[in-house]
Structure formats: structure tokens, C-alpha cells
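In listed order, ligands and their atoms are each counted from 1. Positions are given from 1, in the same order as the sequence printed here. Reckoned from all heavy atoms, side chains included, excluding hydrogens, waters and symmetry mates.
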Amino acid sequence: MISQIDKVFEEAQTTISSVSSRVDFDNARSKILGPNGIFRELMKLLSDLPKEERPSMGQAINACKNKVEEMFENKLIEIEGRETTASFGQPIDPTLMPISNEEIFCHPLTKIKNRMMEIFSNLGFSTVEGSEIETEWFCFDALNTPESHPSRDDRDTFYFGKDVSIENVSKKNDEQYVLRTQTSTVQIRTMLQRKPPIRILSPGMVFRRDAIDATHYPTFHQCEGLVVGEGITVCDLKSILDFFFKKLTGENSEIRIRPSFFPFVSPGFEVDFRSKNLGKLSNRWIEICGCGMVAPNVFKNCGYVSDKISGFAFGMGIERLAMLLYGIDDIRLFFQNDTRFLKQFKLSMF
Ligand code: DAH
């Protein structure tokens, strides 16, 4: 009898160790511990034994059964653990000390972008994201940029080739997709979708065929702003940008605007700012932002016909702002994911 108990134990052990799923588990459990299982068969054999041997054999069977039940319990914990990891990933240890904000770092470009969104949202701007893949019409034509404009040259812009077609971005037959060279594209998409009043900010990645050096990289980030409504003037443009730079770099910062040219605004301006809080660059005028009043042709391209409607737009580079504010002298650092660089930018500081 003892040898039979040992045999049943060994069989149970082998079966349980080969179980790897819940279905295997249920089958194995009913085969071993179920009403018609092997332990039941073992119990039946007790009646063939002489009376005096039955109690000790019964105890031996029960002891073996308890061990087998424990093995099943452990197996179930293992299977459930595996199922939870498959659904939710590796477990975390909730007893570990929390990481303080002091130790978490945040990419400097994300910091600047978040700060811009915060400042502008206090002025009633909402954030709109556009597509990085655009058509020539959205990137250039709708923005009043003629075919002959140098920015459309394929040495400056990434074109996809005439035969490419991309789901969800429709294009005319004779035009090509491009990687957007400016976030100004979002002005057009927004005006085509919405009626004034509009107040949006659009941060995002842009692409240009620039050779890489300390101040150029083929991908970088811009932030575009657009305000459209009745009676919007250059005064509004200047005061909003003045407010923004004061919030970003301190109350003692100033801006000035100079006439400039961008095809999609008229008049167009370049903005310089200076601040006492810029280390080596303190109090120097720094060119930072293009802007202007939305050109009539751009309104026309978006189906805005009313004479009462006017608006302004502005656009600036996020890398450039980050380089000035944090004293970073090489744009490549933003894209290398080197923790020695990133560690300087604690989540808790601006
Ligand atoms: N899109 C321009 C660029 O990439 C920047 C710019 C200039 C945006 C003037 C504007 C603007 O909205 O009005 O250089």
C-alpha cells in the first residue's frame, strides 16, 4: 500500500509540474483530486486491508493528499501571477520609497513646450496639434508661398515623391506629400474647420533638409500661434507677445518688433526680446519670433470672406528658446538622449 501511495504522489508531482495553463490545471486537478480521481481510487483500496492497518494507511493517504493540494495551490498562484503580468506588465514593489520630483527629470524641450502652453492657456488659447505629414498645398500654397519660393526647393524640404499615397491625408493628383517645414500649416487646417473667434497654439515637430551642426538639425520643434476675430490689431499681437516673454523670462524682459517678410502675413514682423535673466546674453536684443497680421490671401484660401475679420499669427522655435533660457550651446544635445545632459533638467525646476 505504501508503495502505491508513493506512486500516486510521484504521478501527481509529474502532472502538476507539466501544468502551464488554467485549462491544464483544471484537468489535472479533477484527474487527481476530483470525485473520480486517483486519490478516490486509493481510498477505495483501504477496504481490502485488514482492519487494524486501515487507520494508519488512511492517515498516510491524507498526508499525501494534503501535500498534493499544497502543490496545486502553489501552481495556481504561479499561473495567476503569469496571467496578471501578461495583462498589466511586471509587478511593482509598493513598499519601495517614492521617487521625489527632485530626482525625476523632464526633457528641456518638453519643459519649454509645457510652459508655453501654460502661459498661453491663461490667455484663452487652446492647443491644437496638426499632422507632421502634410501636402504641398497646406505647407506652402495655402500659406501664400508661390511655387518659386526657395523654401519649396527639394534641397530644403523633404518630399515623398509623386506616387506615394497616404491613408487619411488626402492630396490632389499633381501634388506631393511633404514633411511639414513649419507649424504654420495648422493655421490653415484650423481655419478650414472652424469659424472665428480662434485662439490657438500649436507646438510640434517640423523638418528641413539642414546639414547637422551646433545650431541646425533636420528635425526641430516650433510653436505657432493664431488669433482671428473681429477688430484684432497689431497692438493685440504686440501686447500678447510682450506678456508671454515677461512670463517666460521675467517681468524685466522687453520685446521690440521690426518689419520683416513672411508670405502668409502682411504686414510681417520679426520680434526681438531682451531680458536681464539670460546669463551671458543678459540685456542683448535677441531675434526670437516671426509674426504678422494674417494675409488676405490666406483668409481667402480658408474661405474667410468677411471684411470685419482680422487676425495675427506668430511662430517660434522651441529649441532656440530652450538654448537661450538654459544656456545650451549645441542643438544636437536635445536629440541624443544622454542622461548626463538630461539629468540637469529636474521636473521640479523650470
Ligand atoms: N513659419 C515661420 C518659419 O518657419 C515662422 C513664422 C513667421 C510663423 C511669421 C508665423 C508668422 O505665424 O506670422 O520660419
Side-chain angles (χ1 to χ4, degrees), residues 112-113 116 120 123 125 127-132 134 136-146 149-153 156-158 178-192 196 198-210 215-229 232-242 244-245 255-273 286-299 301-302 304 309-321 323 331:
I112 299 282
K113 182 181 99 171
M116 292 181 87
F120 279 104
L123 292 168
F125 283 67
T127 302
V128 178
E129 282 193 355
S131 164
E132 287 166 4
E134 269 299 357
E136 288 177 83
W137 191 80
F138 280 98
C139 199
F140 301 117
D141 300 282
L143 286 160
N144 205 27
T145 309
H149 196 277
S151 65
R152 297 184 69 149
D153 196 293
D156 287 319
T157 298
F158 292 101
V178 297
L179 285 177
R180 68 176 175 190
T181 57
Q182 49 185 347
T183 43
S184 307
T185 51
V186 185
Q187 289 184 28
I188 305 297
R189 295 226 169 246
T190 307
M191 286 194 278
L192 282 173
I198 289 175
R199 235 178 236 217
I200 56 146
L201 192 72
S202 186
M205 199 173 235
V206 298
F207 307 83
R208 291 183 194 174
R209 280 188 184 273
D210 281 335
T215 51
H216 295 88
Y217 209 77
T219 64
F220 57 100
H221 298 78
Q222 285 187 334
C223 194
E224 183 82 11
L226 174 72
V227 172
V228 182
I232 306 286
T233 66
V234 177
C235 260
D236 300 314
L237 165 61
K238 188 169 181 224
S239 48
I240 275 195
L241 290 176
D242 190 43
F244 167 69
F245 281 103
I255 63 163
R256 69 179 182 194
I257 60 176
R258 293 174 285 113
S260 186
F261 175 78
F262 301 95
F264 38 90
V265 279
S266 173
F269 308 102
E270 197 75 60
V271 180
D272 303 328
F273 86 113
I286 299 163
E287 190 179 307
I288 193 67
C289 167
C291 63
M293 301 305 289
V294 179
N297 260 351
V298 173
F299 279 147
N301 291 335
C302 298
Y304 284 13
I309 295 297
S310 59
F312 63 77
F314 56 86
M316 54 195 118
I318 298 182
E319 279 78 1
R320 183 156 162 74
L321 271 176
M323 288 170 88
I331 195 172

> Can you tell me the protein heavy atom closest to atom 12 (O) of ligand 1 and the distance?
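Of every protein heavy atom, Glu224 OE2, 2.5 Å lies nearest to atom 12 (O) of ligand 1.
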> Short list, please: which atoms of ligand 1 are under 4.0 Å from a heavy atom of Phe262?
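The atoms of ligand 1 under 4.0 Å from a heavy atom of Phe262 are 7 (C), 9 (C).
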> Which of the atoms of ligand 1 are close to Gly292, meaning less than 4.0 Å from one of its heavy atoms?
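Those of ligand 1 that fall under 4.0 Å from Gly292 are 13 (O).
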> Is any side-chain heavy atom of Thr181 closer than 4.5 Å to a side-chain heavy atom of Ser151?
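A side-chain contact under 4.5 Å is absent here.
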> For ligand 1, which part of Met316 has a heavy atom less than 4.0 Å away: the side chain, the backbone, both, or neither?
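Answer for Met316: neither.
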> Among Arg180, Gln182, Met293, which one puts a heavy atom closest to atom 2 (C) of ligand 1?
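Nearest option to atom 2 (C) of ligand 1, by heavy atoms: Gln182.
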> Measure from NZ or CZ of Arg189 to the centre of the six-membered ring of Phe138, then state whether that distance is under 6.0 Å and the direction lies within 45° of the axis.
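Arg189 over Phe138 ring: yes.
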> Say you draw a straight line from CZ of Arg208 to OG1 of Thr219; how long is it, rounded to the nearest 0.5 Å?
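Spacing of CZ (Arg208) from OG1 (Thr219) equals 12.0 Å.
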> For atom 14 (O) of ligand 1, which protein heavy atom lies nearest, and how many Å away is it?
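For atom 14 (O) of ligand 1, the nearest protein heavy atom comes out as Arg208 NH2, 3.9 Å.
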> Ignoring hydrogens and geometry beyond distance, is a side-chain donor-acceptor pair present between Gln187 and Glu224 at under 3.5 Å?
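There is such a pair between these side chains.
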> Please state which part of Ser184 comes within less than 4.0 Å of ligand 1, counting heavy atoms only: side chain, backbone, both or neither.
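Side chain only; the backbone of Ser184 stays clear of ligand 1.
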> With sequence neighbours left out, what residues match Thr233 under side chain to side chain contact (heavy atoms under 4.5 Å, CB included)?
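Counting only residues at least two positions away or on another chain, Thr233 forms a side chain to side chain contact (heavy atoms under 4.5 Å, CB included) with Cys235, Asp236.
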> Name the option, out of Gly290, Ser266, Gly225, that contains the heavy atom nearest to atom 9 (C) of ligand 1.
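Result: the heavy atom closest to atom 9 (C) of ligand 1 is in Gly290.
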> Considering only non-hydrogen protein atoms, determine which one is nearest to atom 11 (C) of ligand 1 and report residue, atom name and distance to 0.1 Å.
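Residue, atom and distance for the closest contact: Phe264 CE1, 3.4 Å.
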> Using side chain to side chain contact (heavy atoms under 4.5 Å, CB included), reason through Glu319 and Tyr217 one step at a time and then give a plain yes or no.
CA-CA 10 Å; Glu319 279 78 1; Tyr217 209 77; over 6 Å; no
> List ligand 1 atoms under 4.0 Å from Gln187, heavy atoms only on the residue side.
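Atoms satisfying the 4.0 Å criterion: 12 (O).
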> Under 6.0 Å between the ring centres of Phe314 and Phe120?
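So the answer is yes for these two rings.
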> Under the salt bridge (charged side-chain N to carboxylate O under 4.0 Å, His left out) rule, collect the residues that match up with Glu129, sequence neighbours excluded.
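Residues passing salt bridge (charged side-chain N to carboxylate O under 4.0 Å, His left out) with Glu129: none at all.
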> Can you list the ligand 1 atoms lying under 4.0 Å from a non-hydrogen atom of Val265?
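Matching atoms, with element in brackets: 13 (O).
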> Using a strict 4.0 Å cut-off to heavy atoms of Gln222, name the atoms of ligand 1 that fall inside it.
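Those qualifying, in numeric order: 3 (C), 4 (O).
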> State the atoms of ligand 1, each with its element, that fall below the 4.0 Å cut-off from a heavy-atom position in Gly315.
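Checking each atom against Gly315, I get 8 (C), 10 (C), 12 (O).
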> Say you draw a straight line from CZ of Phe273 to CE of Met316; how long is it, rounded to the nearest 0.5 Å?
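It comes to 9.5 Å.
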